[in-house]
Structures are given as structure tokens and as C-alpha cells.
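Worksheet for the structure shown next.
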Amino acid sequence: MTGTGSADATPSRLRYAFLGPAGTFTEAALRKVADPAEAEFVSAGSVLSAVAALRRGEVDRAVVPIENSVEGGVSATVDEIALGETLQILAEVHVPISFVLVGRPGVAIEDVRRVTTHPHAWAQVRGWAETALPGVDFTPAPSTAAGAGLVAQGDFDAAVCAPLVAEQTGLPVLAERIEDVPGAVTRFVLLSRPTALPAPTGADKTTLVVPLPEDRPGALGQILAEFTTRGVNLSRIESRPTGEGIGRYFFSLDLEGHLAEARVGDALAALYREYPDLRFLGSYAQAEPVPTRVPAEFTDAAYRSGRAWVESLRSR
Ligand SMILES: O=C(O)C(=O)Cc1ccccc1
């Protein structure tokens, strides 16, 4: 990893690991949560090494892609934070994704034989490449910006990257807006080691990992019921293999609301009783805030009055 902060960095400056080098979509996400003048940006060669640096305490934060509006969950990230030492999501950011094809100077698009980029980028331009680069040989790169670096070095004919990287490297743009689905967005999360929760904003998300026991019929229905019966809406749910064998899964899910809210706390307490291995990955503000609509019977005030009524009966 390489630090890009100045040499006189004071220890109080937070260190942020990200999938580098400069010009990646992850760096664009990082710039939305931290000012490079006040923080130290530490470039990592992969999502896993960024997360490992955070777990080892070499950095204070890591920014990683977690979900794409076209491809769905970024499995490497979902799995890495579901297992291993617990981390916490402090914030999420959305980055609009558009790609260009940059070429080695002097190479025309018809001459491109060997192309490189990050596999997520390739997955999002595959349709375009089939017609525009027929028969091209694709090699995965650690990141889009790293791929452009390999083109600048002369290792490949072309790379798929962000328009910003074309500007930074001066590599000629052979084609632009080459994404198969215009308007795609990638969601990134800001990770830290477990720490205090950000204050509720009224438009929050909570991320959980629920390991699924092997022989409990109807477990998914039961998990969902804990949310439904408390008016808690889910915004994402995906099942992932635990790696322990066929049929072993965990659910990674996001719900609308903050742990500080009574209905969310109550749902988590109920889940914990049934699934003590449940993992809480944080409550944080939504990237595009839509205030959570809470039905009258599930507000904090409704929970307080319900509890007060029970107490009044007990102390009669
Ligand atoms: O390689 C990058 O620039 C990344 O940040 C990973 C990535 C690649 C494609 C879409 C979103 C994120």
C-alpha cells in the first residue's frame, strides 16, 4: 500500500484505505466522505487488502464497493465483512458509473487485441465489447485505474476506466459512454473497526448478517416476520454461501431504520434470541435520504406507551 498524504501528516489525520491507485471509482467514493487535505488516503491493491489493513489497525477507515445497480452485490465485500473480525459501516455513498476505453498511443480501436480492466467494469461493458471489440482477449486488472496504468506501460492495447483516468494519464480515448446500462450506480460503504453509532437522521439504514441454521425449516420466513410484525422495511437481502459446504448460507440484509429506534431494537433483540450468531454491521445515514415512514403503531412513542401500560399493570 502507498500513502498519498503529505510527509508532515500529523497522527490525528484519519487514514483511509481504498482500492487504488488514484482515479478508481472507489477513490471517487472516498472523496465524497473525506477531504484529502484533512485525511490520509492509502491506496490498496485490492478490496481484501484494504479491509485487512483496517482489521490490523494500519488504517482507521476503509472504503469498499458493496453493491452495483446492474450486477448486484459485490460478493468479495459482502463475504469479507460478513465473516472474520467484526467491522462497522459508518456511511454509504453512491457513485454514478460511466466508462471510457483508453488506448495505447497510436493504437486505433480496430487494432485492439488485448484489453484489461477490473472485472466489475468488464461485466458492465461486455455487451458493448462483443460488437465493438469482437474476439478481444480480456485480462482482469486489480482496478480500472491500475488497468489504465498497464496500458500506459505498454502491457495492453486498451483499458476500460473512468473518464477522469483518461485525463490523468493523457491516454487517448477510443470510445466513451460504453456502459451497457446507462445510469448505473455503485454503492460504496465506509468501514471502521467497531465504534460509536452515528446519530439517527430519520433516513437511516441498518446492515445485518444472519447465519442460517442448517436444519430449521421456514427460517427465512421467520426472520422476515420479525421485521414485518414491527413495520420494518428491508431494502436489500441476499443469501451467500458460508463456505462450509453445500446448503450452508447466511443472509446479508439492509433494513430501513436505525438501531436507536425502538422497533429496530426490538426486532434485533428478537432475532438475537433465535440467532445468537447474528452480526450487527452498523446503522448509518442513507446516501440518498428518503425519510423512513413509520406507521403510528411502531413509532418510539407507541413502544413507550405500550411498555408504560405493561409496567402499570405489573405495579398494581
Ligand atoms: O476499479 C475501480 O475503479 C473500482 O473502484 C472498482 C469498481 C469497478 C467498476 C465499477 C465500480 C467499482
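Just so you know, residue 1 is the first one in the sequence shown, and it goes up from there. Computed from a predicted model, the values in this text were never measured in an experiment. Every heavy atom of this structure was used, including side-chain atoms; hydrogens, water molecules and symmetry mates were not.
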Requested in this report: Can you measure from OH (Y16) to CZ (R61) and round to the nearest 0.5 angstrom?
Outcome: 5.5 Å
Query - Check: L208 and R279 side chains under 4.5 Å, non-hydrogen atoms - result: no
**Report entry** For E80, all residues meeting side-chain hydrogen bond (donor to acceptor under 3.5 Å, both in side chains), sequence neighbours excluded
**Finding:** R55
Report task. Over all heavy atoms of both residues, which pair between V63 and A29 is shortest? Give the atoms and the distance, please. Result -> CG1-CB, 4.0 Å
Query raised in the report: Are the charged groups of E92 and K205 less than 4.0 angstrom apart, N to O?
Result: yes
Query - Under 4.5 Å side-chain linkage, directly or through intermediates, the cluster mates of L313 - result: W309, V310
Query - Non-hydrogen side-chain atoms of T292 and Q286 separated by less than 4.5 Å - result: yes
Query raised in the report: Shortest non-hydrogen contact from R193 to G57?
Result: NH1-CA, 3.3 Å
**Report entry** Same apolar cluster: L164 and F18, side chain cutoff 4.5 Å
**Finding:** no
Requested in this report: Would you check, one step at a time, whether the test side-chain contact (heavy atoms from CB on, under 4.5 Å) holds for L30 with L190?
Outcome: CA-CA 8 Å; L30 170 52; L190 172 66; 5.7 Å; no
Query raised in the report: Do you know which two heavy atoms are closest between A34 and F41, and how far apart they sit?
Result: O-CZ, 3.7 Å
Query raised in the report: Between Q222 and E274, do the side chains contain an N or O donor and an N or O acceptor separated by less than 3.5 Å?
Result: yes
Query raised in the report: Say you draw a straight line from OG of S283 to CG of L268; how long is it, rounded to the nearest 0.5 Å?
Result: 8.0 Å
Query raised in the report: Of all residues at least two apart in sequence or in a different chain, which pass the side-chain hydrogen bond (donor to acceptor under 3.5 Å, both in side chains) check with T116?
Result: none
Query raised in the report: Sequence neighbours excluded, which residues qualify as ring-ring contact (aromatic ring centres under 6.0 Å, His included) partners of W128?
Result: none
Report task. Measure the CG-CG distance between D266 and D300 for me, rounded to the nearest 0.5 Å. Result -> 10.5 Å
Requested in this report: Side-chain contact test, heavy atoms from C-beta onward, threshold under 4.5 Å: evaluate it for I223 versus L271 and give yes or no.
Outcome: yes
Query - side-chain contact (heavy atoms from CB on, under 4.5 Å) evaluation trace for T26 with V64 - result: CA-CA 7 Å; T26 310; V64 293; 5.9 Å; no
Report task. Check the hydrophobic clustering (I, L, V, M, F, W, Y; side-chain heavy atoms under 4.5 Å; chains of links allowed) and say if V107 and V151 are grouped together. Result -> no
Query raised in the report: Are V74 and I89 connected, step by step, through hydrophobic side chains (Ile, Leu, Val, Met, Phe, Trp, Tyr) whose heavy atoms are closer than 4.5 Å?
Result: no
Query raised in the report: Side-chain contact, heavy-atom cut-off 4.5 Å: F250 with D277?
Result: no
Report summary line: Tracing side-chain contacts under 4.5 Å among Ile, Leu, Val, Met, Phe, Trp and Tyr outward from V185 reaches none
**Report entry** Derivation and outcome, side-chain contact (heavy atoms from CB on, under 4.5 Å), residues T117 and W122
**Finding:** CA-CA 6 Å; T117 190; W122 189 243; 3.7 Å; yes
Report summary line: Separation between OG1 (T195) and CD (Q88), nearest 0.5 Å, reads 6.0 Å
Query - Partners passing side-chain hydrogen bond (donor to acceptor under 3.5 Å, both in side chains) against D111 (at least two apart in sequence or in another chain) - result: none
Requested in this report: State which residues pass salt bridge (Lys or Arg N to Asp or Glu O under 4.0 Å) with E226; sequence neighbours excluded, sorted by chain then number.
Outcome: R230
Query raised in the report: According to the ring pair (Phe, Tyr, Trp, His ring centres under 6.0 Å) rule, which pairs have a member within residues 158-206, sequence neighbours left out?
Result: none
**Report entry** Salt-bridge contact R104-D157 (side-chain N to carboxylate O under 4.0 Å)
**Finding:** yes
Query raised in the report: Which residues pass the ring-ring contact (aromatic ring centres under 6.0 Å, His included) test with F25, sequence neighbours left out?
Result: F99
Query raised in the report: Side chains of Y249 and E244: donor-acceptor distance under 3.5 Å anywhere?
Result: no
Query - Nonpolar side-chain network containing F298, other nodes, edges under 4.5 Å - result: V294, Y303
Report task. Would you check if S69 and T186 make a side-chain contact, meaning some heavy-atom pair closer than 4.5 Å? Result -> no
Report summary line: Smallest heavy-atom separation, A17 atom then V59 atom, equals CB-CG2, 3.8 Å
Report summary line: For Y272, the ring-ring contact (aromatic ring centres under 6.0 Å, His included) test, sequence neighbours excluded, returns none
Requested in this report: Look at the side chain of D79 and the backbone N and O of T77, then say whether any donor-acceptor pair between them is shorter than 3.5 Å.
Outcome: no
Query raised in the report: Should E71 and Q124 count as side-chain neighbours, where that means a heavy-atom distance under 4.5 Å?
Result: yes
Query raised in the report: Does a side chain donor of either E288 or H94 reach within less than 3.5 Å of an acceptor in the other side chain?
Result: yes
Acceptor/donor pairs from residues 253-265 side chains to any protein atom, 3.5 angstrom cut, sequence neighbours excluded:
unit_1: D254; atom_1: OD1; unit_2: T207; atom_2: OG1; d: 2.8
unit_1: D254; atom_1: OD1; unit_2: R236; atom_2: NH2; d: 3.0
unit_1: D254; atom_1: OD2; unit_2: R187; atom_2: NH1; d: 2.9
unit_1: D254; atom_1: OD2; unit_2: R187; atom_2: NH2; d: 3.1
unit_1: D254; atom_1: OD2; unit_2: R236; atom_2: NE; d: 2.9
unit_1: E256; atom_1: OE2; unit_2: N233; atom_2: ND2; d: 3.1
unit_1: H258; atom_1: ND1; unit_2: A260; atom_2: N; d: 2.9
unit_1: H258; atom_1: NE2; unit_2: P198; atom_2: O; d: 2.7
unit_1: E261; atom_1: OE1; unit_2: H258; atom_2: N; d: 2.6
unit_1: E261; atom_1: OE2; unit_2: R263; atom_2: NH1; d: 2.9
unit_1: R263; atom_1: NH2; unit_2: E256; atom_2: O; d: 3.2

Query raised in the report: Just checking, is any N or O donor in the side chain of S143 or T24 under 3.5 Å from an acceptor N or O on the other one?
Result: no
Query raised in the report: Between V173 and V165, is there a shared hydrophobic cluster once you connect ILVMFWY residues whose side-chain heavy atoms come closer than 4.5 Å?
Result: no
Requested in this report: Check the pair L191 / V51 against side-chain contact (heavy atoms from CB on, under 4.5 Å), numbers first and verdict last.
Outcome: CA-CA 8 Å; L191 297 172; V51 173; 4.2 Å; yes
Query raised in the report: How long is the span from the CD1 atom in I237 to the OG atom in S252, to the nearest 0.5 Å?
Result: 8.5 Å
Report summary line: Of all heavy-atom pairs linking I178 and A175, the shortest is CG2-CB, 3.7 Å
Query - NZ/NE/NH1/NH2 to OD/OE distance under 4.0 Å, R31 and E27 - result: yes
Query - NZ/NE/NH1/NH2 to OD/OE distance under 4.0 Å, R15 and D60 - result: no
Query raised in the report: Tell me, do F251 and V209 make a side-chain contact under 4.5 Å, heavy atoms counted?
Result: no
**Report entry** Single-linkage hydrophobic cluster, 4.5 Å side-chain cutoff, L87 and V42 together
**Finding:** yes
Report task. Hey, could you give me the CG/CD distance between L101 and E176, rounded to the nearest 0.5 Å? Result -> 11.0 Å
Query raised in the report: Less than 4.5 Å apart, any side-chain heavy atom of D137 and any of R113?
Result: no
Query raised in the report: Looking only at heavy atoms, which two atoms of T201 and A285 are closest? And how far apart?
Result: CG2-CB, 4.0 Å
